[in-house]
Amino acid sequence: MNTAAELAALRAALGDLAAWAYVALDREDTDRQYVAEHLRDAIEALANGDEIPTAPF
């Protein structure tokens, strides 16, 4: 994959992650600790070139 395609994929993944967090944090029953842990794990995976783990909810 070329650099432009990698950057586009990264931007898309970060956008999806941000959208998930926005919806998750808007719910009253959301455990913010789970959201924070998933965001941390997802960002670490993106930085390492791994797949993002499945969201906890």
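Quick caveat, the model's predicted, so the values are computed rather than measured.
Applying the salt bridge (Lys or Arg N to Asp or Glu O under 4.0 Å) rule to pairs touching residues 10-33 yields Arg27-Asp29, sequence neighbours excluded. Residue pairs meeting the ring-ring contact (aromatic ring centres under 6.0 Å, His included) criterion with at least one partner in residues 14-52, sequence neighbours excluded, are Trp20-His38, Trp20-Phe57.
The nearest pair of heavy atoms linking Ala42 to Pro53 is CA-CD, 4.0 Å.
Ile43 and Leu25 end up in the same hydrophobic cluster when Ile, Leu, Val, Met, Phe, Trp and Tyr side chains are linked at under 4.5 Å.
Applying the 4.5 Å side-chain rule to ILVMFWY residues, one finds Leu14, Leu46, Ile52 in the same cluster as Leu10.
Between the CG atom of Leu17 and the CG atom of Asp41 there is a distance of 10.5 Å, given to the nearest 0.5 Å.
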